[in-house]
Undergrad: 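Can you read through this structure? Questions will come right after.
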Amino acid sequence: MLNPESNPPAPEDRENLDFLREIVKRDNLCGLYGGRVVTRFPPEPNGYLHIGHAKSICLNFGIAREFGGVCHLRFDDTNPETEDMKYVEAIMRDVRWLGFDWQDKLFFASDYYERLYEFAVRLIKDRKAYVDSLSEEEIRQYRGTVMEPGRESPYRSRSVEENLDLFARMRAGEFPDGAHILRAKGDMGARNMKMRDPLLYRIRHATHYRRGDDWCIYPMYDFAHPLSDAIENVTHSICTLEFENNRAIYDWLLDNLFPEPRPHQYEFARLNLDFTVMSKRKLLQLVEEGLVAGWDDPRMPTIAGLRRRGYTPEGIRLFAARIGVDKANSRVSMELLEDAIRDDLNARAPRVMAVLRPLKVTITNYPAGKVDWLDAPYWPRDIDKEGSRLLPLTREVYIERTDFSENPPAGWMRLQPGGEVRLLSSYIIRCEEIVKDPATGSVIELRCTYDPDSPGKSTGTKRRKSTAIQWVSAAHAAPAEVRLYDRLFTVADPEDVPEGKTFKDHLNPDSVNILRGCLLEPGLANAPAGERFQFVRHGYFIADAADSRPGALVFNRIIELRDTYKAGKGAETDKAAAAPAKPARRPEERKEAAPVAAGRTSDVRARARAANASLARRYEDYVSVLGLSPELADVLTGDAAVADFFDAAVAVHPNARAVANWTANEVMSGLKGRTLSELSFTPADLAELVRLIDQGTITTAAAKTVFGEMLAGVGKPQEIVARLGLDKGLSDAELSAAIDAVLAAMPDKVEQYRAGKTSLLGLFTGQVMRATGGKAGPQAVQELLKRKLG
RNA sequence: UGAGGAGUGGUGAAACGGCAUCACACCUGGCUCUGGACCAGGCUUUCCAGGUUCGAAUCCUGGCUCCUCAGCCA
């Protein structure tokens, strides 16, 4: 479980796939791409990658790997004004560090500029694109609003020749920025704003970080992205939810320029993490305003920051696997990330001792000058690893200030006056005397005795009375600076700000606490930068990659250990003021919805009836003559096709109530986007099906089976019934045998049922129904089932 | 008041008409030379209202709430 990537199960054999893998699997099964799976991760090189990108990287590269495909790394570099080679390099380093490999599939949209230009020309020739000469402001006005349709540009009707000429001259640099723009001929009245003549190419006299001054026109995302996908033969183009509306352009463009099988776009919910921000703009702001020490500040959610903080690629991948992927907007709590990191580090970080806030201990019965070298394992018993080092014990040692209490609370397991505690991998000491600073009254030294026989001895009896604490020899300790990091913001959602405030007002003033004069066990004196350890009873730490050197050690706290010690926790730990309780989100959703009058009708159907006297009349008839409920009558009379279907069916079999229910529920459900006329059965067929039920020829359950076949277009009701033998009924003996077989197949469930889990009756019923094709009738099945189960 | 999405414990997900499941968090207890890890147990869930069905988180109808879209950013 620690490394889900190492041996990914073949997705075909796995259940509970996320919706994206389900789609890929489906496409593979039906052979849409001949078994090819090509995904892509398409960053724009205008900033650093963050943990949200990590989710996307794990998804795209993960899917490719699991399905035996490839994932391209493509830089969507179509905006010369913000992009830079340094970002390209940083992004490649981050993706690689996360453990993914794009093989030789490194691409740049900027390499496609010539081909993209040709596609634009083709669109113009096909009269599907035109050069618009409206100003930026005019374009905005012509676009309309979400409530009002837009207006067509007066330049929309330019001739192909004129468009071609203008577009060529745009490229040639004859016009200043903004003078003209290439647009697709969408639909200015489209309800989807994205389709109101989307912008394809803009003039931008700017130097591109890769193409220099080769171009002065640049493709827009909506144009470059789908075409780049198609050029690369991408199969599944996976992006975040905010691009859902853009999919219309994606499809429009590719349908016009590429035959199937062409790429298709799917969207998932981007990651939101509590207590941090994820937008590039805000991250950039933190860096530029010096609110953090750079993109790789260990408090930043950037990959670079997490790496410097000490997070592992394996831990991040584990996190990504655990949060899964869906289309619901969500906020993941920090604990999920932190636990994944801990889970990974637990098995790979050797245990060492560090005293962060030293308190001197003199062991009075230990000879001055004597050094005992004690063997101390690097790993606890439960970790399957070998290795140990020798630790020097001397008369003067340091322990953690927080491991001593003069007036301990109940349940205290550390040192207290007159009490005993084990020095880890060493002797038990007893606190005999407390030395205080006469001026301040604070404890400055403990005078203790040690028990020379204590190795192997227990400090506690049945219930533990004390724990074992870390220590270092005063004469041997290596000094270090230790940086304790905490969450960057004080609130779960820093972007949720009241009037007049910004997310920066939620910055945690105590997000870093720098401790100097920390003392580490001597072996750490030469710890190489980037090395990770568990400082026993503190947490996981890493020698800072940038600042730590032998002789001037600097450690970053990656993550604290879980701490189940409750009493006095707030005072004892390094945590900044405990984060305020997270306010309940989506409070509106928790509210009871106002009661709605039952049977309210739909406005569109009411309007349809208002405009169609026949429908209105039928609504009245259905209620008063046929005795249907107003809701049912409403559903049936909102559309002439539905009403006609129903009328035709009732004419064949006059059980209005049953036919209405079948029409409103099963037929509507079975439509799946089709219209009634596209159905492969007639109203008379449906009527016949209902008649078979009413006659007692088949059960309702069997009728559902028959209906499924009818939807699939494989015959008339009677034929299906005959073919499946559904009218044969089931003898008592046959039913009994079927039930016995089902129960015999799941003895554990039977036992649970008898033990009181009666909700299992549905499971048994379902199994028997399935086994008998619904011939028996659920009441009979359940009755007999109950008798057999006692 | 348009279009497109989405609502399952505190958090993220699963269940594809039949057992509401998993991970994290939280609470007990056990074990421990880390108040870690581990082990055992527990706590909490289908947005609302109708309907269909023997049976609904799932299907039908209506409602509510949230997110996205009116950049020559991506």
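If you're wondering where the values come from, they're calculated on a predicted model, not measured in any experiment. Below, read A as the first sequence line, B as the second, and so on, with proteins coming before strands; counting in each chain starts at 1.
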Undergrad: Tell me whether the side-chain N/O atoms of Thr78(A) come closer than 4.0 Å to OP1 or OP2 in A74(B).
TA: yes

Undergrad: At 4.0 Å (heavy atoms only), tell me whether Arg140(A) reaches a base, stays on the sugar-phosphate, or touches nothing.
TA: sugar-phosphate

Undergrad: Under the 3.5 Å rule, do the base of C60(B) and the side chain of Glu666(A) count as making a donor-acceptor pair?
TA: no

Undergrad: Contact class for Gly324(A) vs. all strands (heavy atom < 4.0 Å): base, sugar-phosphate, or nothing?
TA: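 Result for Gly324(A) = nothing.
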
Undergrad: Under 4.0 Å between a side-chain N/O of Thr82(A) and OP1 or OP2 of A74(B), yes or no?
TA: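 Checking Thr82(A) against A74(B): no side-chain N or O falls below 4.0 Å of OP1 or OP2.
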
Undergrad: Do Arg351(A) side-chain and U34(B) base share a donor-acceptor contact under 3.5 Å?
TA: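 When only heavy-atom distances are counted, Arg351(A) does reach the base of U34(B) through a donor-acceptor pair under 3.5 Å.
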
Undergrad: Using a heavy-atom cut-off of under 4.0 Å over every strand shown, decide if Ser669(A) touches base, sugar-phosphate, or nothing.
TA: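 Sugar-phosphate contact only.
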
Undergrad: Whole angstrom is fine here: how far is it from CG in Asn272(A) over to C1' in C66(B)?
TA: 13 Å

Undergrad: Taking the six-membered ring of Tyr540(A) as reference, does the cationic atom of Arg348(A) (NZ for Lys, CZ for Arg) lie under 6.0 Å from its centre and within 45° of its axis?
TA: no

Undergrad: Mind checking Asn661(A) for me? I need base, sugar-phosphate or nothing, with any heavy atom below 4.0 Å counting as a touch.
TA: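 Sugar-phosphate, no base atom in range.
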
Undergrad: So does Lys704(A) reach the base of G17(B) with its side chain, donor to acceptor, closer than 3.5 Å?
TA: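 Result: at least one qualifying N/O pair found.
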
Undergrad: Please state whether the phosphate of G2(B), meaning OP1 or OP2, lies under 4.0 angstrom from any side-chain nitrogen or oxygen of Arg196(A).
TA: no

Undergrad: How would you label the contact of Glu136(A) with the nucleic acid (heavy atoms, under 4.0 Å): base, sugar-phosphate, or nothing?
TA: base

Undergrad: Is any side-chain heavy atom of Tyr87(A) closer than 4.5 Å to a side-chain heavy atom of Phe75(A)?
TA: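 Heavy-atom side-chain distance check fails, nothing below 4.5 Å.
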
Undergrad: How many whole angstroms separate atom OH of Tyr142(A) from atom P of G71(B)?
TA: 17 Å

Undergrad: Does Arg657(A) have a side-chain nitrogen or oxygen under 4.0 Å from the phosphate oxygens OP1 or OP2 of U52(B)?
TA: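 Arg657(A) to U52(B) OP1/OP2: side-chain N or O found under 4.0 Å.
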
Undergrad: To the nearest angstrom, how far is Phe707(A) atom CZ from U52(B) atom C1'?
TA: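 Spelled out: CZ on Phe707(A) to C1' on U52(B) is 12 Å.
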
Undergrad: Any N or O donor-acceptor pair under 3.5 Å from the base of C54(B) to the side chain of Gln782(A)?
TA: yes

Undergrad: Donor-acceptor pair, distance only, cut-off 3.5 Å: does the side chain of Glu420(A) make one with the backbone of Ile428(A)?
TA: no

Undergrad: Answer with base, sugar-phosphate or nothing: what part of the nucleic acid does Leu134(A) contact at a heavy-atom distance below 4.0 Å?
TA: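 The answer is base, as Leu134(A) lies within the cut-off (heavy atoms under 4.0 Å) of a base atom.
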
Undergrad: What is the base-pairing partner of U68(B), counting Watson-Crick and G-U wobble geometry with both distances under 3.5 Å?
TA: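 Check on U68(B): paired to A3(B), both distances under 3.5 Å.
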
Undergrad: Looking across every strand, which nucleic acid part, if any, lies under 4.0 Å from Ile323(A) by heavy atom: base, sugar-phosphate, or nothing?
TA: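 Touches sugar-phosphate only.
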
Undergrad: Scan Gly670(A) against the nucleic acid and name what it touches under 4.0 Å (heavy atoms): base, sugar-phosphate only, or nothing.
TA: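 Nothing, no nucleic acid heavy atom in range.
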
Undergrad: Given the structure, check if the side chain of Gln470(A) and the base of U34(B) hold any donor-acceptor pair shorter than 3.5 Å.
TA: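 No such pair is found, so the answer is no.
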
Undergrad: Within the structure, does a side-chain N or O atom of Arg202(A) lie under 4.0 Å from either OP1 or OP2 of C73(B)?
TA: yes

Undergrad: Considering only atom P, compute the distance from C54(B) to C64(B) and round it to an integer number of Å.
TA: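 Per the computed distance, 32 Å lies between those P atoms.
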
Undergrad: Based on the glycosidic angle (syn within 90° of 0, else anti), state the conformation of G51(B).
TA: anti

Undergrad: Measure from CG on Asn245(A) to C1' on G71(B) and round the result to the nearest Å.
TA: 15 Å

Undergrad: Give one of base, sugar-phosphate or nothing for Tyr753(A), where a contact means two heavy atoms less than 4.0 Å apart.
TA: nothing

Undergrad: Under the 6.0 Å and 45° cation-pi test, does Arg414(A) pair with Trp412(A)?
TA: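 Yes, a cation-pi geometry.
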
Undergrad: Can you tell me if Arg191(A) touches the phosphate of C69(B), counting only side-chain N or O atoms and a distance under 4.0 Å to OP1 or OP2?
TA: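 No, because none of the side-chain N or O atoms of Arg191(A) sits under 4.0 Å from OP1 or OP2 of C69(B).
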
Undergrad: Nearest-Å distance, CG (Asp197(A)) to P (G71(B))?
TA: 15 Å

Undergrad: Taking only side-chain N and O atoms of Ser629(A), does any of them lie within less than 4.0 angstrom of OP1 or OP2 on G50(B)?
TA: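 No, no such contact exists.
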
Undergrad: Classify Leu632(A) by what it touches in the nucleic acid, base, sugar-phosphate, or nothing, heavy-atom distance under 4.0 Å.
TA: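 Nothing, no nucleic acid heavy atom in range.
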
Undergrad: OP1, OP2 of A37(B) versus side-chain N and O of Arg562(A): anything below 4.0 Å?
TA: yes

Undergrad: Select base, sugar-phosphate, or nothing to describe what Val146(A) touches, counting heavy atoms under 4.0 Å on all strands.
TA: base

Undergrad: Which part of the nucleic acid, if any, lies within reach of Glu338(A) when heavy atoms closer than 4.0 Å are counted: base, sugar-phosphate only, or nothing?
TA: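 Here Glu338(A) touches no strand at all.
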
Undergrad: Taking 4.0 Å as the cut-off, does a side-chain nitrogen or oxygen of Arg143(A) come that near to OP1 or OP2 on G71(B)?
TA: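 Answer yes for this pair, as a side-chain N or O of Arg143(A) is under 4.0 Å from OP1 or OP2.
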
Undergrad: Sort out for me which residue in Glu560(A), Gln470(A), Arg557(A) forms a side-chain contact (heavy atoms from CB on, under 4.5 Å) with His538(A).
TA: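 Exactly one pass, corresponding to Gln470(A).
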
Undergrad: How many Å lie between CE on Met220(A) and P on C73(B), as a whole number?
TA: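 From Met220(A) CE to C73(B) P: 5 Å.
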
Undergrad: Taking the six-membered ring of Tyr378(A) as reference, does the cationic atom of Arg351(A) (NZ for Lys, CZ for Arg) lie under 6.0 Å from its centre and within 45° of its axis?
TA: no

Undergrad: Please indicate whether Asp384(A) has more than 12 foreign heavy atoms, meaning atoms of other residues, nucleotides or ligands, lying under 6.0 Å from its CG.
TA: no

Undergrad: Heavy atoms only, 4.0 Å cut-off, all strands: where does Asp382(A) land among base, sugar-phosphate and nothing?
TA: base

Undergrad: Check every strand shown and say whether Lys327(A) touches a base, only sugar-phosphate, or nothing at a heavy-atom separation below 4.0 Å.
TA: sugar-phosphate

Undergrad: With a 4.5 Å limit on heavy-atom distance, are the side chains of Phe243(A) and Tyr266(A) in contact?
TA: no

Undergrad: Do Asn329(A) side-chain and G7(B) base share a donor-acceptor contact under 3.5 Å?
TA: no

Undergrad: Would you kindly give the CH2-to-P distance between Trp471(A) and U34(B), to the nearest whole Å?
TA: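 Rounding to the nearest Å, CH2 of Trp471(A) and P of U34(B) are 15 Å apart.
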
